[in-house]
Amino acid sequence: MLSSLSRTSSLSSRVAVATTALARSTPASLQLVSSQFFRSASTSATSTSTSATSTSPAAKKAESVRTGVIAIKKGMTSMFDEWGVHIPVTILQLQHVQVVQVINPPAPGHSYRLQVGAENCTDGKVTKPLVGHFKAHGVRNKRIVAEFPVTPDALLPPGTPLNANHFIPGQLVDVQAPSTGKGFQGVMKRWGFAGGNASHGASLSHRSAGSTGASTNPSRVWKGKKMAGRMGGENVTVLNLKVMKVDTALRCIWVKGAVPGYDGQYIKVRDAVKHFGKPLFPEDQKLPFPTALGRRMLGRSATAEEGNVARRQMPSIVSTASSLSQ
């Protein structure tokens with residue numbers, strides 16, 4: 001009991017020091033959330049240590065849904081996997097990705113959503129309403145924002161950074177982005193038509209679409225007819241791409257295969273949803289849930305006990321943060 005009380009007093013003092021250090025470099029809108037978090041964490045740690053009960057770390061449930069991130073497509077390269085097979089990979093970089101806002105369900109039956117922003121910018125790069133929006137939530141201006149549905153146990157407070165170690169090597173992810181625009185194209189390139197005859201009576205109709213409508217009845221072109229038109233520039237989702245490598249120094253994730261969009265395109269990356277019986281995460285690694293943040297939030301190298309308390313107190317932080325944003 002005496003050892004438990006001594007550890008409790010030491011933990012409380014370290015949390016107080018970390019709170020003071022963090023307050024000097026934290027925006028005003030986030031200081032209230034952080035201070036309430038540290039007070040609740042210290043109280044929970046005290047009660048937990050006094051009762052001499054062990055706590056288990058937070059784990060991802062089967063129905064839990066984590067937030068996604070916004071990455072920038074940097075290009076493609078190739079690498080060898082663990083079996084020596086040469087495979088193509090796409091490099092996605094995370095630049096200043098943060099949680100901007102917690103969006104409550106608009107009606108019963110709807111899910112929570114996290115608004116995530118990426119890539120810091122100046123006031124002149126965003127509209128004035130967005131400048132006020134970012135200031136109200138205590139984050140820097142972002143070039144792009146997106147929303148991701150999450151479950152209540154995966155909520156994060158505004159200002160939380162999302163880094164490359166949000167993902168782990170071997171897991172499956174879904175990527176979503178507008179495809180590369182190709183302009184106005186004919187039916188052969190756009191829809192894969194075979195085209196007309198190359199010779200024997202074909203005059204100026206080698207790549208034409210051919211007949212596009214019926215006779216007197218109905219005297220019109222059927223809706224949905226495959227014809228020439230604008231190609232590309234549509235939102236495309238690619239499922240079940242494997243994360244081959246995570247580079248925390250460069251904030252990059254290496255994804256197996258091709259990703260829609262051009263180099264420099266913003267890509268939405270999230271945990272795979274339809275994994276068709278495949279393991280979503282490798283069994284020998286533990287998924288950071290709700291994200292890889294626990295020890296950094298305390299501003300120092302925290303103990304496992306404090307990390308567990310931080311994860312348990314996350315829902316109360318989010319409720320406070322959401323009330324501040326409204």
Side-chain angles (χ1 to χ4, degrees), residues 15 30 32-45 47-48 53-70 94 97-117 137 139 146-168 171-174 243 268-275 279-283 285-298 302-326:
V15 170
L30 192 59
L32 177 60
V33 180
S34 302
S35 61
Q36 293 180 359
F37 162 71
F38 285 121
R39 286 198 298 269
S40 60
S42 177
T43 305
S44 300
S47 60
T48 303
T53 58
S54 60
T55 58
S56 58
K60 181 181 183 299
K61 301 177 182 178
E63 64 276 8
S64 298
V65 178
R66 302 192 309 162
T67 182
V69 302
I70 304 174
L94 281 67
V97 183
Q98 284 182 290
V99 177
V100 176
Q101 181 186 9
V102 178
I103 302 176
N104 294 324
H110 293 254
S111 61
Y112 285 91
R113 305 182 74 85
L114 288 183
Q115 186 183 72
V116 177
H137 293 88
V139 298
E147 296 180 7
F148 296 93
V150 297
T151 50
D153 59 344
L155 290 172
L156 294 168
T160 303
L162 300 173
N163 302 308
N165 55 0
H166 182 74
F167 303 99
I168 58 176
Q171 80 165 93
L172 301 179
V173 295
D174 296 340
V243 177
K268 295 168 65 175
V269 188
R270 63 177 183 180
D271 297 336
V273 178
K274 303 176 182 179
H275 43 95
L280 184 57
F281 306 100
E283 298 179 354
Q285 297 189 38
K286 188 175 181 180
L287 177 71
F289 184 81
T291 187
L293 60 90
R295 297 174 180 249
R296 183 171 295 186
M297 278 195 67
L298 297 178
T303 63
E305 177 76 18
E306 294 167 333
N308 296 338
V309 173
R311 284 186 287 269
R312 290 197 305 271
Q313 294 297 325
M314 190 63 65
S316 62
I317 307 172
V318 173
S319 62
T320 305
S322 60
S323 62
L324 290 175
S325 63
Q326 297 177 350

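Keep in mind that the numbers below use all heavy atoms, side chains included, and drop hydrogens, waters and symmetry copies.
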Engineer: Please report the C-alpha distance between L172 and F281 in whole Å, then the side-chain angles of each, then the deciding distance to 0.1 Å, and finally whether the side-chain contact (heavy atoms from CB on, under 4.5 Å) criterion is met.
Structural biologist: CA-CA 7 Å; L172 301 179; F281 306 100; over 6 Å; no
Engineer: Backbone N or O of R66 within a donor-acceptor pair of the R270 side chain at under 3.5 Å?
Structural biologist: no
Engineer: Tell me whether H166 contacts the main-chain N or O of T67 through its side chain, where contact means a donor paired with an acceptor under 3.5 Å.
Structural biologist: yes
Engineer: Hey, which of L162, I168, N163 is the one that makes side chain to side chain contact (heavy atoms under 4.5 Å, CB included) with N165?
Structural biologist: N163
Engineer: How close do P157 and T160 get, heavy atom to heavy atom, and via which atoms?
Structural biologist: O-OG1, 2.7 Å
Engineer: Could you measure the distance from the CD atom of Q98 to the CD1 atom of I70? Nearest 0.5 Å is fine.
Structural biologist: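 Answer rounded to 0.5 Å: 11.5 Å.
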Engineer: Which pairs, with at least one residue in residues 100-117 and sequence neighbours excluded, count as a salt bridge (charged side-chain N to carboxylate O under 4.0 Å, His left out)?
Structural biologist: R113-E147
Engineer: For V99 and Q101, what are the C-alpha separation, side-chain angles and deciding distance, and is it a side-chain contact (heavy atoms from CB on, under 4.5 Å)?
Structural biologist: CA-CA 6 Å; V99 177; Q101 181 186 9; over 6 Å; no
Engineer: Should V102 and P158 count as side-chain neighbours, where that means a heavy-atom distance under 4.5 Å?
Structural biologist: yes
Engineer: Can you give me the closest heavy-atom contact between P290 and D153, atom names plus distance?
Structural biologist: CB-O, 4.4 Å
Engineer: Which heavy atom in T151 sits nearest to a heavy atom in S64, and how many Å separate them?
Structural biologist: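 Closest pair (atom of T151, atom of S64, distance): OG1-CA, 3.6 Å.
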Engineer: Any chance you could lay out the side-chain contact (heavy atoms from CB on, under 4.5 Å) test for V116 and V97, step after step, and finish with the verdict?
Structural biologist: CA-CA 7 Å; V116 177; V97 183; 3.5 Å; yes
Engineer: For the residue pair F148 and V65, establish whether any side-chain heavy-atom pair is separated by less than 4.5 Å.
Structural biologist: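 Side chain of F148 against side chain of V65, heavy atoms only: no contact under 4.5 Å found.
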Engineer: Is the number of heavy atoms from other residues, nucleotides or ligands under 6.0 Å of E283 CD greater than 12?
Structural biologist: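 For E283, atom CD is not crowded (no more than 12 foreign heavy atoms under 6.0 Å).
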Engineer: Measure the shortest side-chain to side-chain distance between L114 and L155 over non-hydrogen atoms and say whether it is less than 4.5 angstrom.
Structural biologist: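 Yes, at least one pair of side-chain atoms sits under 4.5 Å.
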Engineer: Any salt bridge (charged side-chain N to carboxylate O under 4.0 Å, His left out) involving residues 157-166? Give me the pairs, sequence neighbours left out, ordered by first then second residue.
Structural biologist: none
Engineer: Does the N104 side chain pair with the main chain of Y112, one donor and one acceptor, at a distance under 3.5 Å?
Structural biologist: no
Engineer: Answer yes or no: is there a donor N or O on one side and an acceptor on the other, between the side chain of Q285 and the main chain of P282, under 3.5 Å?
Structural biologist: no
Engineer: Run the numbers on V69 and F167 for side-chain contact (heavy atoms from CB on, under 4.5 Å), then give the verdict.
Structural biologist: CA-CA 10 Å; V69 302; F167 303 99; 3.5 Å; yes
